[in-house]
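Below: the structure, in structure tokens.
The chain is numbered in sequence order, starting from 1.
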Amino acid sequence: MFETIYAQLVFAVAVIVVGFAFVKGDEPERVGAAAYSLVVLATLMIRDGTSLSVPRWGVMGIEVVLLTVFIGLAWKTNRTWPVWAAAFQALIVTGHILVAANLRPPANAFAAVINMSNYGLLLAMAVGTFWAWQERRAARLAERPGPHL
């Protein structure tokens, strides 16, 4: 998986976003980041097929679990980023369903959907963490007496 510089850079961005969520995020961001991290690690450990044209049942199951986590976060919190993350994750799960239903999507298209959805998911998590951090900071500033800069 990490044979190319591109794959290594994408993984580094994912590590940065997850780290940012753990350091600056609130509980929903941390739960989302932890779930995403566990899914990435579990997906790396599963070896149930090398071709994108055959169903990868283990990976599909893990992706459904991540979708469930993001739907739960969207349901229980007043944040908008889990809705976006769930939407991007739903695209990934839909791609797996298309392969499992033997509709034979082109392998390049399937890989593009998974990759672009993953980027969108990371972006949603990063933006959500940033806004949670800024809201917490603004609330802290509003509590302090005196002039604010």
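Transitive grouping of hydrophobic side chains (ILVMFWY, heavy atoms separated by less than 4.5 Å) brings M60 and I71 into a common cluster. Under a hydrophobic-cluster definition in which Ile, Leu, Val, Met, Phe, Trp and Tyr are linked whenever side-chain heavy atoms come within less than 4.5 Å, directly or via other members, V39 and V17 are assigned to the same cluster. In the hydrophobic cluster analysis, where Ile, Leu, Val, Met, Phe, Trp and Tyr join through side-chain heavy atoms closer than 4.5 angstrom, V13 is grouped apart from L38. One hydrophobic cluster holds both I92 and F110 under the rule that ILVMFWY side chains link at heavy-atom gaps under 4.5 Å. Connection of V18 to L44 is established within a shared hydrophobic cluster, with ILVMFWY side chains joined at heavy-atom distances below 4.5 Å, either directly or through further cluster members.
Closest approach of A86 to L67, counting heavy atoms only: O-CD1, 3.3 Å. Here the closest heavy-atom approach between residue L91 and residue V113 is recorded as O-CG1, 4.0 Å. Residues V99 and P55 come closest through the heavy atom pair CG1-N, 3.6 Å.
Note that CD of E143 and CZ of R140 are 8.5 Å apart. Values are rounded to the nearest 0.5 Å. A distance of 10.5 Å separates CD1 in I114 from OG1 in T94, rounded to the nearest 0.5 Å. The structure places OG of S117 at 11.0 Å from CG of L122, a figure rounded to the nearest 0.5 Å.
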Atom pairs and distances, side-chain donor-acceptor, residues 20-34, under 3.5 Å, sequence neighbours left out:
{"unit_1": "D26", "atom_1": "OD1", "unit_2": "R136", "atom_2": "NH1", "d": "2.3"}
{"unit_1": "D26", "atom_1": "OD2", "unit_2": "R79", "atom_2": "NH2", "d": "2.9"}
{"unit_1": "E29", "atom_1": "OE1", "unit_2": "D26", "atom_2": "N", "d": "2.9"}
{"unit_1": "E29", "atom_1": "OE1", "unit_2": "R79", "atom_2": "NH1", "d": "2.8"}
{"unit_1": "E29", "atom_1": "OE2", "unit_2": "R79", "atom_2": "NH1", "d": "2.5"}
{"unit_1": "E29", "atom_1": "OE2", "unit_2": "W81", "atom_2": "NE1", "d": "2.9"}
{"unit_1": "R30", "atom_1": "NE", "unit_2": "F22", "atom_2": "O", "d": "3.1"}
{"unit_1": "R30", "atom_1": "NE", "unit_2": "G25", "atom_2": "O", "d": "3.4"}
{"unit_1": "R30", "atom_1": "NH2", "unit_2": "G25", "atom_2": "O", "d": "3.2"}

Please list, one pair per line, the donor and acceptor atoms closer than 3.5 Å that link side chains of residues 123-130 to other protein atoms, with sequence neighbours excluded.
{"unit_1": "T129", "atom_1": "OG1", "unit_2": "M125", "atom_2": "O", "d": "2.8"}

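No side-chain heavy atom of V64 sits under 4.5 Å from any side-chain heavy atom of H96. Counting only heavy atoms from C-beta outward, the side chains of Y36 and L121 approach each other to under 4.5 Å. Under the 4.5 Å side-chain criterion, counting only non-hydrogen atoms from C-beta, W57 is not in contact with I62. Looking at heavy atoms from C-beta onward, Q89 lies out of side-chain contact with V69 at the 4.5 angstrom threshold.
Side-chain N or O atoms of N115 include one that pairs as donor or acceptor with a backbone N or O of A111 at under 3.5 Å.
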